[in-house]
4 protein chains.
Amino acid sequence: MANSNGSKAAARDKRQRLTAAAAEVLHRQGVERTTIADIAQLADVPVGNVYYYFKTKDDLVRAALSAHADHLSLKLAHLDRDPDPRARLGALVASWVERRDITARYGCPTGTLAVELDKREPDGIDTEVGQLFRTLVDWVAEQFRRLGQPDPHDLAITFVAANQGMSLLSNALRDPTIMIREGERLRRWLDDLPT
Amino acid sequence: MANSNGSKAAARDKRQRLTAAAAEVLHRQGVERTTIADIAQLADVPVGNVYYYFKTKDDLVRAALSAHADHLSLKLAHLDRDPDPRARLGALVASWVERRDITARYGCPTGTLAVELDKREPDGIDTEVGQLFRTLVDWVAEQFRRLGQPDPHDLAITFVAANQGMSLLSNALRDPTIMIREGERLRRWLDDLPT
Amino acid sequence: MANSNGSKAAARDKRQRLTAAAAEVLHRQGVERTTIADIAQLADVPVGNVYYYFKTKDDLVRAALSAHADHLSLKLAHLDRDPDPRARLGALVASWVERRDITARYGCPTGTLAVELDKREPDGIDTEVGQLFRTLVDWVAEQFRRLGQPDPHDLAITFVAANQGMSLLSNALRDPTIMIREGERLRRWLDDLPT
Amino acid sequence: MANSNGSKAAARDKRQRLTAAAAEVLHRQGVERTTIADIAQLADVPVGNVYYYFKTKDDLVRAALSAHADHLSLKLAHLDRDPDPRARLGALVASWVERRDITARYGCPTGTLAVELDKREPDGIDTEVGQLFRTLVDWVAEQFRRLGQPDPHDLAITFVAANQGMSLLSNALRDPTIMIREGERLRRWLDDLPT
DNA sequence: TATGAATGAGCATTCATTCAT
DNA sequence: CATGAATGAATGCTCATTCAT
């Protein structure tokens with residue numbers, strides 16, 4: 001029993017550890033500068049063993065991306081607890097600002113991944129990063145819709161783009177305060193939305 | 001005379017060709033996925049000869065970045081011909097929107113370069129991409145200042161971040177129309193600025 | 001069990017083979033003229049695999065040097081079996097003369113390595129070749145001390161230098177007989193030492 | 001006239017400068033670590049121009065060796081002014097000791113060159129370094145002959161080998177004082193020679 | 001002859017992926 | 001499943017030598 005169940009648990013655990021390690025290292029070092037060995041080491045898994053969980057490096061990258069997607073789903077589900085759409089969006093902004101130091105240092109995990117993956121998959125039209133962004137945009141759009149805004153989807157694009165823009169700039173300029181000021185602007189914008 | 005000058009001109013030309021090729025290929029394929037051979041081939045220069053003009057691959061990357069910086073300077077100088085700051089900013093937005101198809105396919109050259117270089121130079125605080133962004137932000141801030149806006153620098157950050165955000169999203173979603181709609185929003189925003 | 005131990009043994013064996021191959025080829029071709037491929041080929045190891053055992057070419061060079069150092073230690077230990085210091089030194093000389101053909105063809109392994117490494121590590125003060133020579137000089141000095149000689153260390157320097165000198169000359173002149181005659185001179189010198 | 005004579009002089013001068021530069025840099029950096037560009041730069045000659053004076057790198061190396069040979073000839077001619085063979089040999093030793101700092105840092109120019117060239121010309125039986133050593137050995141032998149010594153040639157080998165040995169050791173141990181002590185020993189040896 | 005530029009072969013090193021046990 | 005080891009293709013870079021002018 002310790003065997004069948006235990007090893008399955010161990011396997012799930014290893015896969016999990018590898019995914020988490022990948023998400024972290026890929027964020028910090030970038031996809032191309034990260035070796036399988038880097039990830040294996042951080043996950044404390046022997047290199048040769050990685051391939052029993054992920055066929056290729058791309059698979060690992062995808063897993064890391066999925067991890068970010070899962071993280072996003074969790075966050076959105078958490079935000080959904082608040083019934084007020086405006087508050088939800090405000091909390092989303094707050095979560096962005098909260099991560100300002102990491103963002104200023106390494107950029108937005110999703111955004112930088114999107115940039116790198118775009119170079120990797122020259123013909124990928126319907127990419128998984130795209131899906132992630134779509135999920136987020138859709139959720140944001142839904143909030144704007146509930147707020148009775150016209151063109152909620154466009155507003156959502158603007159909103160999500162604002163995060164990507166301030167993240168990229170704060171990273172390029174190594175200035176976390178950009179996130180603070182831009183975050184305040186977004187919140188003001190939310191508050192000023194005509195009802 | 002045609003000789004001595006000719007060869008120098010040829011050399012300058014080759015350097016120029018290599019720089020242009022680098023800028024183009026690095027934009028399309030990304031820094032890490034681009035080999036010196038790729039650049040050499042596009043520039044029609046034998047691989048070994050590249051190193052006569054650029055000591056290292058990093059040098060080539062820097063040259064490509066400089067090319068972008070030069071391009072930006074030219075553009076700003078061109079915009080400066082119009083005395084109206086609001087019109088200047090509007091024209092800048094227009095130039096962004098104009099490039100929407102390339103942006104949707106490969107992202108903003110400067111933005112994607114910023115992301116990649118951040119992973120390459122783990123400790124680079126005062127990077128050259130940073131300088132490029134600073135130049136742009138400063139110019140934009142100056143226009144807002146002339147328009148009598150409070151906090152022109154913050155507005156400039158918002159403005160530049162907007163471009164990066166919409167570029168990234170339109171790239172990730174492979175949707176050039178995002179650039180159109182966001183561009184229009186920016187122009188409306190400019191027009192609505194209180195005087 | 002044959003397994004786990006077997007692969008470790010195989011690994012040790014491969015490392016050993018690479019070290020031996022390195023020692024041999026580096027002696028014959030010199031450090032700079034020897035490629036990793038040369039060593040790999042002689043050791044019958046795929047080139048890419050070499051780097052699993054040695055991170056860099058320098059590492060391989062160091063390993064070869066260590067092999068020489070080990071060889072020296074063994075030889076000295078063997079000589080130590082004879083209780084008579086004079087006989088020990090005589091046997092050492094004999095071992096030098098024995099290798100005269102190889103020496104005339106390729107020089108003294110340690111001496112030529114010392115020359116080459118001196119050019120490689122421009123600032124290496126306390127080099128490993130230096131250590132090797134120190135070990136030898138110290139051992140020789142100890143013998144002279146036991147023989148009751150004054151300035152045993154100086155005598156040891158003279159003794160060791162004599163080997164390097166005759167090795168270099170016999171190599172440059174491609175004349176192994178130099179080793180014979182100089183060897184005899186050294187032995188006579190030992191015999192004539194005042195007690 | 002400034003032309004024909006001047007350019008010939010300039011050519012001779014350039015060749016001379018290249019030879020001197022080669023001798024110096026090859027001694028310091030070693031043959032393999034020295035590039036044509038290194039030599040050209042030190043000689044203040046454009047790289048492409050080097051090949052009008054020396055067809056190949058080997059030619060340059062040979063020229064440097066010839067320079068050392070010329071230097072030796074000059075030195076021996078100078079020593080020949082003293083009619084006393086013993087004094088001549090003593091003065092030769094003194095000249096070796098004088099160069100102790102350079103020797104401790106870079107080795108004996110001829111000796112290190114001999115080692116490196118041996119690796120370069122795998123089949124060179126009658127090498128030019130050999131010739132140089134033969135010249136020296138013959139001259140020294142002649143002095144011993146005049147001193148009425150038996151086996152003057154063997155003594156000469158011993159004498160020259162002593163220099164190579166102490167040079168190599170003082171270089172490997174980075175200790176110029178070895179040259180001093182060994183030099184004194186050689187002089188004592190000369191003085192003690194039976195007449 | 002003079003010279004900047006061109007050429008191309010060669011080398012150390014990396015790394016994703018596979019294999020043997 | 002686990003794991004250390006194997007494999008080989010790819011890449012940045014160097015440099016002696018040659019060429020065009």
Side-chain angles (χ1 to χ4, degrees), chain A residues 3 7-8 10-11 14 32-40 45-60, chain B residues 1-8 10-15 32-40 45-60, chain C residues 1-8 10-15 32-40 45-60, chain D residues 3 7-8 10-11 14 32-40 45-60:
Chain A
N3 235 358
S7 65
K8 266 191 190 169
K14 254 185 188 173
E32 308 292 343
R33 313 285 286 191
T34 298
T35 70
I36 299 278
D38 288 337
I39 298 172
V45 168
V47 202
N49 201 2
V50 173
Y51 284 84
Y52 275 89
Y53 299 92
F54 302 94
K55 295 270 177 239
T56 67
K57 183 178 179 180
D58 272 335
D59 271 8
L60 257 173
Chain B
M1 347 97 244
N3 260 357
S4 76
N5 249 348
S7 63
K8 269 189 189 173
R12 222 177 304 131
D13 185 50
K14 227 169 185 177
R15 207 173 198 287
E32 307 291 344
R33 315 278 296 183
T34 297
T35 70
I36 298 281
D38 288 337
I39 298 172
V45 168
V47 196
N49 197 10
V50 172
Y51 288 87
Y52 186 82
Y53 296 93
F54 300 93
K55 295 262 176 247
T56 66
K57 184 180 177 179
D58 270 338
D59 269 12
L60 258 171
Chain C
M1 346 96 248
N3 258 355
S4 78
N5 248 347
S7 63
K8 269 191 188 169
R12 222 177 304 129
D13 184 51
K14 225 165 183 181
R15 206 173 200 287
E32 308 290 345
R33 314 279 297 185
T34 299
T35 70
I36 298 280
D38 288 337
I39 298 172
V45 167
V47 198
N49 198 10
V50 172
Y51 287 86
Y52 186 82
Y53 297 93
F54 300 94
K55 294 261 177 252
T56 66
K57 183 179 178 180
D58 269 338
D59 268 12
L60 258 171
Chain D
N3 236 359
S7 66
K8 268 190 190 172
K14 254 186 188 175
E32 307 292 343
R33 312 286 285 192
T34 298
T35 70
I36 300 278
D38 287 338
I39 299 172
V45 168
V47 201
N49 201 3
V50 173
Y51 284 83
Y52 275 88
Y53 298 92
F54 302 94
K55 294 271 178 238
T56 68
K57 182 178 180 179
D58 272 336
D59 273 7
L60 256 173

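Heavy-atom basis, side chains included; hydrogens, waters and symmetry copies ignored. Every chain is numbered from 1 and lettered A, B, ... according to where its sequence line falls, protein lines coming before strand lines.
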On DNA chain F, nearest-nucleotide positions of Ala37(B) versus Gly48(C): which is more 5'? Gly48(C)
Can you tell if the side chain of Ile36(D) reaches within under 4.5 Å of the side chain of Tyr51(D), non-hydrogen atoms only? yes
Side chain to side chain contact (heavy atoms under 4.5 Å, CB included), that's the test. Do Leu60(D) and Val50(D) meet it? Break it down for me. CA-CA 9 Å; Leu60(D) 256 173; Val50(D) 173; 3.9 Å; yes
Quick one: is dT3(E) close enough that its OP1 or OP2 comes under 4.0 Å of any side-chain N or O from Lys14(D)? yes
From CG of Leu60(C) over to C1' of dT13(E), roughly how many Å is that when rounded to an integer? 13 Å
Quickly work out the Arg33(A) CZ to dA16(E) C1' distance and round it to whole Å. 16 Å
Scan Phe54(C) against the nucleic acid and name what it touches under 4.0 Å (heavy atoms): base, sugar-phosphate only, or nothing. nothing
Between dA6(E) atom P and Asp13(B) atom CG, what is the distance in whole Å? 10 Å
Would you kindly give the OH-to-P distance between Tyr51(A) and dA20(E), to the nearest whole Å? 17 Å
Between OH on residue Tyr52(C) and NZ on residue Lys14(C), distance to nearest 0.5 Å: 10.0 Å
Think Arg15(C) forms a cation-pi with Phe54(C), using NZ or CZ under 6.0 Å from the six-ring centre and within 45 degrees of its axis? yes
Check: Tyr52(C) side chain, dA6(F) base, donor-acceptor under 3.5 Å: no
As its Watson-Crick or G-U partner within any shown strand, both distances under 3.5 Å, dG4(E) has dC19(F)
What is the distance from CG of Asp58(A) to C1' of dC15(E), rounded to the nearest Å? 14 Å
From CD1 of Ile36(C) over to P of dT13(E), roughly how many Å is that when rounded to an integer? 6 Å
Counting only side-chain heavy atoms from C-beta out, which of dA16(F), dG4(E), dG4(F) sits nearest to Pro46(D)? dG4(E)
Gap between atoms CD and P, on Glu32(C) and dG10(E) respectively (whole Å): 18 Å
It should be established whether Tyr53(A) places a side-chain nitrogen or oxygen under 4.0 Å from OP1 or OP2 of nucleotide dA2(F). yes
Between Asn49(B) and Lys57(A), which residue's closest nucleotide on DNA chain E lies nearer the 5′ terminus? Asn49(B)
Side chain of Thr56(A), heavy atoms from C-beta onward: which of dT17(E), dA6(E), dA2(E) has the nearest atom to it? dT17(E)
Nearest atoms (heavy-atom pairs only) where Val45(D) meets Asn49(D): CG1-CB, 3.9 Å
